[in-house]
Structure formats: structure tokens, C-alpha cells
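Letters A, B, ... mirror the listed sequences (proteins, then strands); counts begin at 1.
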There are 2 protein chains.
Amino acid sequence: MQNTKPRVSKATISRIPLYYRAVVQLQQEGVARIRSERLSEIIHIPSATIRRDFSSFGELGKSGYGYSIATLVEEFGQLLDVDSSEAIILVGVGGLGRALLMNNFRRNPDLNIVMAFDADPDKVNTRIGGIPVYPFATLAAHMNPNIHTAILAVPSSAQTGVIGTLEAFGINAIMTFAPQPVACAPQTTIRYIDLTSELQTLLYTAHQKMKVR
Amino acid sequence: MQNTKPRVSKATISRIPLYYRAVVQLQQEGVARIRSERLSEIIHIPSATIRRDFSSFGELGKSGYGYSIATLVEEFGQLLDVDSSEAIILVGVGGLGRALLMNNFRRNPDLNIVMAFDADPDKVNTRIGGIPVYPFATLAAHMNPNIHTAILAVPSSAQTGVIGTLEAFGINAIMTFAPQPVACAPQTTIRYIDLTSELQTLLYTAHQKMKVR
DNA sequence: CTGACCTTGTGAACGCTTACACAGAATTCA
DNA sequence: TGAATTCTGTGTAAGCGTTCACAAGGTCAG
Ligand SMILES: NC(=O)c1ccc[n+]([C@@H]2O[C@H](COP(=O)([O-])OP(=O)(O)OC[C@H]3O[C@@H](n4cnc5c(N)ncnc54)[C@H](O)[C@@H]3O)[C@@H](O)[C@H]2O)c1
Ligand SMILES: NC(=O)c1ccc[n+]([C@@H]2O[C@H](COP(=O)([O-])OP(=O)(O)OC[C@H]3O[C@@H](n4cnc5c(N)ncnc54)[C@H](O)[C@@H]3O)[C@@H](O)[C@H]2O)c1
């Protein structure tokens, strides 16, 4: 029995992180206000889209003035829940997993990989970037019910099994680099980062562009 | 003055790599034919979408039969130009760059990182995963006019400069992991892989799902 | 305080993408 | 061969997202 239920579109949601990053950056530069037209130049999103997106969260701006950076930082920060730190686990400490551990979303203090797991005995019981790496078989012993998020960097062939196990331990948000599609439980959200597809699509698009000219 | 110009939508293009991977996999398993409904179960794309997509490349299937795997592999392979090997350079051999070099899209023989560059003297004049790493300053000496594609894994702050240099040497397709938006030449296509945004969007979506139930 | 100026928020049009549903074409099997 | 069955390709409609364009409302200088 709340208010008018102003649904936020998927497309808008996927842009919130970009808006948040931009306004935080501007705030650090000491900028106090911005208009949609100027923000458009910075992040390369049409100003009409920006205004439409912003308005779906309420009337954030002021006519003839623009938007207050502080308001935007506050609003998007709340939407992304940056005040409560998100504990994330990583599974698969190969090349990619190692890179993620070393970086650990350093710029975003709310995003934290807190531990990692691997099936390979040679890779476990050590620390990478300060984060402990445990045997995947000991997942049960290290998991705790406050952790709902995992990043996967395991081979495609291992993915289905790993996701099944993680779901059993309460994980319901997964970002994975293995493109193997997995049927998951309804409460689980999976985001595939498919680097090969991204590259192939890029190449196809670039080639098309060449042909046209 | 060609034929009917059957335009292929962006959404369809981004799915070609998925289709290609699936049909190659099926071919390796010895499958000879498939119907849209079955393929839908495998890759989790609605069968109507699959049929619509496929039909935009001509009449690939047969009523009452389905699609011949061999035809699909051939068709998508041609679209993605898998027969002519793509020479790619990598710039930025940090954690992520190293992981990319070690992997080098092993499963896709047409995608090849042929050399890498870094600005840090400690990281150059060596080989990683068999691929030579050169000083970024020597780009001119190593570039050749058959290379049009680059993958970037440099810090955001370095990105604009690096892209400018690459464009000057004929690069027109770039996949980058630094989210810093860059204004590029019109013939250049840039694809941003923004891991932080992907993760934040995932978390937002997953949190929403929790609230609803 | 006033008026010129500026910028938002949004109705409406548009274009792209997905989804439905089925006619017709090809297959399969007896 | 013929009839029942299968499955594509696509007309059509619905849904979603973007873009245009401007009225309404707030700003700000003087
Ligand atoms: N690195 C790239 O350039 C690249 C490109 C495209 C796709 N990918 C995909 O990303 C994923 C990770 O890539 P990578 O280069 O880090 O691979 P990698 O082989 O270097 O690392 C995989 C890690 O997963 C571990 N592992 C295997 N099975 C496991 C299990 N059941 N439980 C826990 N850990 C397990 C292995 O011990 C290894 O440490 C792969 O699926 C790969 O296909 C990577
Ligand atoms: N690793 C992650 O988990 C992660 C997550 C999100 C975003 N990213 C982004 O991906 C990019 C790469 O990440 P990383 O973890 O590999 O970073 P990194 O710091 O490990 O590596 C960056 C590399 O780029 C090199 N470099 C710096 N300036 C250069 C220049 N002008 N020319 C050539 N090389 C230069 C550095 O010497 C270094 O080797 C960064 O932009 C980072 O923000 C990484």
C-alpha cells in the first residue's frame, strides 16, 4: 500500500552504475550542480534519456537550475545500497580469478570479495591480494548466511555443478565468466560476462562499418 | 545495387556468437539436425526469437525437419568470419591483461592476441603465454597494417591517451575494461566491458527480486 | 521585485525487439 | 503413395525504450 509504484525499466537500471560513478567523480572534483546536457557530454548518454531516467526516481532536479550533485550522489548511492557493504565470494582462482582478487573493486568500498575457493589443491590455503583462498570442498565450513553473492571464474565444464552447490548454501546472485548457460532456481539471478561473444560482436560490428563506407 | 538489403538487427547480431558456439558444440557431439524448440532449451532464448533471427540470414531451415547443424555452422562461421584469423593486440599487461594472454581465446582459433604492450619497464620484453610483451613506446615499430583490433586493460586514467595513439596506428575496433568514456573517431568501434557496473546491476536486480517475494 | 532566461519533466511519436499464432511447406511412416 | 505429423517463416500485435519538442516552473541579474 505504498505510493504510485513508478516502475524502473531494465535499461534504466543498467545505467544507474554509470550515473553513480559520474556524479561521485564530479563531487570529488568539487562540482555542485550539473545539467542534463552537460552530463550527457561526459557519459555519452543522450540528455533526454538522462532526464527520463532521473525522473523515474522522483523529481530530482530543478527547472532552470539542473541537478544538485549531492542529491544525485545520495539518491543513486541509496539505490545501489553503497552504505551496506556487500560480502562476495569468488570461486575459481585461475588467471581471471586472480586478477579480480588483486583488484577487488578497490574503487568501490562497498563491494568486497571476502574469500575465494578453488578445487585445485595447489592453489588453496594461501592469500591473494590479502584475501584467503580455501579448498572448494570446505565451502560449508566457511560460508555464512550473510553472503548471497558469488563471482565465478571456473571452466565452463565445472559451472553447472558449482552453481548448484552455491545455491544450496544460500547464494542467489552470481556473476560468471563461463558462458555455459545454466538452469538455476527462480530466486537466483545470474549475470553472464561472455568475453568471447563480446569480442566477436565487436568484430562483426566493426567489419560491417568498414563495408558501408 | 545489391539485393533486398535484409537488415540484421543489433539484438540479433549480439546473439550470433551464442548461436555459433552452440551449433559448433552440437556438431562436435555428432548432432546433425536441430529444431528451434530444442535449441531454445539449450541456450535459453525463446524459439520464436531463434527462428526470427535465423530467418534474417535467409531460409536456413526446412519445415517439418528443423535446421541442419552443418548449415548453421557454415552460415554463422561465415558471418563471424572465423576462417580468416583476426590478429589482435593487447595493451596493459596487469592482472587482467595477463589472464587474457594466458587464455588467448584458446577455444576460438580465429581469435589471436599476437602481441602485447605495457608502459611499465618491469613488465616488458618477455613472453606471457607465448605472446611477446613490448614497451608501449615501441608500438610503431611492431604495428602492421593488418592489425585493426585491440583489447585494453589499462587504468582508466591512461585510456584516453592510449586510444588516441592506437587510432593513429589504424586500430578501429577496441574492447576495453576501463569504463572511462572516450570520444573516438567515427570509424572506431569501442566496446566497454564494465565489470563494476555489471556487478552493481546484478546486485540491484537480485535485491529487487528479494523485496518482491 | 521583475522580467529574461534557462532547464526540467513529460506527452506523444517513433523505432526496435519480442511474442503470438498459424498457413503452408516438407517430412515421415505405413 | 497418401495422410498425418512436424516445424519453419512470417503477418500481426504488443511491449519496451528512445527521442522530440515544449509547457511549466524555477533561476538569477539588475
Ligand atoms: N581468461 C580469459 O581470457 C577468458 C576469456 C573468455 C572466457 N573465459 C572464461 O572465464 C573462466 C575463467 O577463466 P580463467 O582464464 O581464469 O581460467 P583458468 O583455467 O585459469 O582458471 C580456472 C580455475 O578454476 C578452478 N576450478 C576448476 N574446477 C573447479 C571447481 N569445480 N570448483 C572450484 N574451482 C575450480 C581451477 O583450479 C582454476 O584455478 C573460464 O570459464 C573461461 O572460459 C576466460
Ligand atoms: N581486475 C579487476 O577486477 C577489474 C575490475 C573492474 C575494472 N577493472 C579495470 O580493468 C583495467 C585493468 O585492470 P587490472 O586489474 O589489470 O589493472 P592493473 O593495474 O593490474 O594493470 C594495468 C596495467 O596497465 C599498464 N599501463 C598503465 N598505463 C599504461 C599506458 N599508458 N600504456 C600501456 N600500459 C599501461 C600498467 O603498467 C599495468 O601493467 C583497469 O582499468 C581496471 O579499472 C579491473
Side-chain angles (χ1 to χ4, degrees), chain A residues 3-19 22-23 26 31-72 74-76 197 201 204-205 208, chain B residues 3-19 22-23 26 31-72 74-76 197 201 204-205 208:
Chain A
N3 52 10
T4 49
K5 185 93 161 173
R7 193 182 154 280
V8 180
S9 80
K10 276 196 168 195
T12 300
I13 291 171
S14 73
R15 284 187 292 262
I16 299 175
L18 304 181
Y19 294 140
V23 295
L26 287 164
V31 179
R33 58 187 269 194
I34 191 143
R35 55 211 161 82
S36 60
E37 201 59 58
R38 176 81 188 96
L39 187 54
S40 169
E41 290 164 13
I42 296 173
I43 56 180
H44 299 150
I45 290 172
S47 62
T49 300
I50 292 175
R51 291 199 301 281
R52 175 82 59 191
D53 282 349
F54 285 14
S55 75
S56 67
F57 302 111
E59 309 213 342
L60 271 42
K62 284 189 272 192
S63 303
Y65 175 92
Y67 300 87
S68 149
I69 293 283
T71 307
L72 296 180
E74 170 70 14
E75 180 67 28
F76 294 130
S197 286
T201 304
Y204 183 96
T205 308
Q208 289 299 112
Chain B
N3 51 11
T4 50
K5 185 94 163 171
R7 194 182 153 280
V8 181
S9 81
K10 276 195 168 196
T12 299
I13 291 170
S14 74
R15 283 187 293 261
I16 299 175
L18 304 181
Y19 294 140
V23 295
L26 287 164
V31 179
R33 59 188 269 196
I34 190 145
R35 60 210 158 81
S36 60
E37 201 58 57
R38 176 80 189 99
L39 187 55
S40 169
E41 291 164 13
I42 297 174
I43 57 180
H44 298 151
I45 290 172
S47 61
T49 301
I50 292 175
R51 290 199 301 279
R52 176 78 65 186
D53 282 348
F54 285 13
S55 75
S56 68
F57 302 112
E59 309 212 343
L60 272 42
K62 284 190 273 190
S63 302
Y65 175 93
Y67 301 88
S68 147
I69 293 284
T71 307
L72 295 180
E74 170 70 15
E75 180 67 27
F76 294 129
S197 286
T201 303
Y204 183 96
T205 308
Q208 288 300 112

Span of DNA chain C in contact with chain B (heavy atoms, under 4.0 Å): C/dT17 to C/dT28

Touch class at under 4.0 angstrom, heavy-atom based, for B/R15 against every strand present: sugar-phosphate

Inter-axis angle, terminal five-pair segments of the helix from C/dC1-D/dG30 to C/dA30-D/dT1 [nearest 10°]: 30°

Contacts of A/R52 that satisfy salt bridge (Lys or Arg N to Asp or Glu O under 4.0 Å) - sequence neighbours left out: none

Heavy-atom closest pair, residues B/T49 and B/Y19: O-OH, 4.1 Å

Sugar-phosphate only, base, or nothing, as touched by A/S36 at under 4.0 Å among non-hydrogen atoms: sugar-phosphate

Straight-line distance of A/K62 NZ to A/E59 CD, nearest 0.5 Å: 12.5 Å

Any B/F76 side-chain heavy atom under 4.5 Å of B/T71 side chain: no

Within residues 47-54 of chain A: residues closer than 4.0 Å to DNA chain C (heavy atoms): A/R51, A/R52

For A/Y67, ring-ring contact (aromatic ring centres under 6.0 Å, His included) partners two or more places apart: A/F54

Whether A/T201 side chain and A/S197 backbone form a donor-acceptor pair below 3.5 Å: yes

Residues that A/I42 engages under side-chain contact (heavy atoms from CB on, under 4.5 Å), provided they are two or more places apart: A/L26, A/I34, A/R38

Touch class at under 4.0 angstrom, heavy-atom based, for A/R38 against every strand present: nothing

Partner set under side-chain contact (heavy atoms from CB on, under 4.5 Å) for B/S9, not counting sequence neighbours: B/R7, B/A11, B/T12

Partner set under salt bridge (Lys or Arg N to Asp or Glu O under 4.0 Å) for B/R15, not counting sequence neighbours: B/D53

Contact summary for B/E75 and B/L60, nearest pair of heavy atoms: CG-CD2, 3.8 Å

Sugar-phosphate only, base, or nothing, as touched by B/E37 at under 4.0 Å among non-hydrogen atoms: nothing

With sequence neighbours excluded, residues passing side-chain hydrogen bond (donor to acceptor under 3.5 Å, both in side chains) with A/S55: none

Chain A contact limits on DNA chain D, taken 5' to 3' with a cut-off of 4.0 angstrom to heavy atoms: D/dG17 to D/dC28

Contacts of type side-chain hydrogen bond (donor to acceptor under 3.5 Å, both in side chains), residue B/S36, not counting sequence neighbours: B/R51

Pairing residues for A/S40 by the side-chain contact (heavy atoms from CB on, under 4.5 Å) criterion, not counting sequence neighbours: A/S47, A/I50

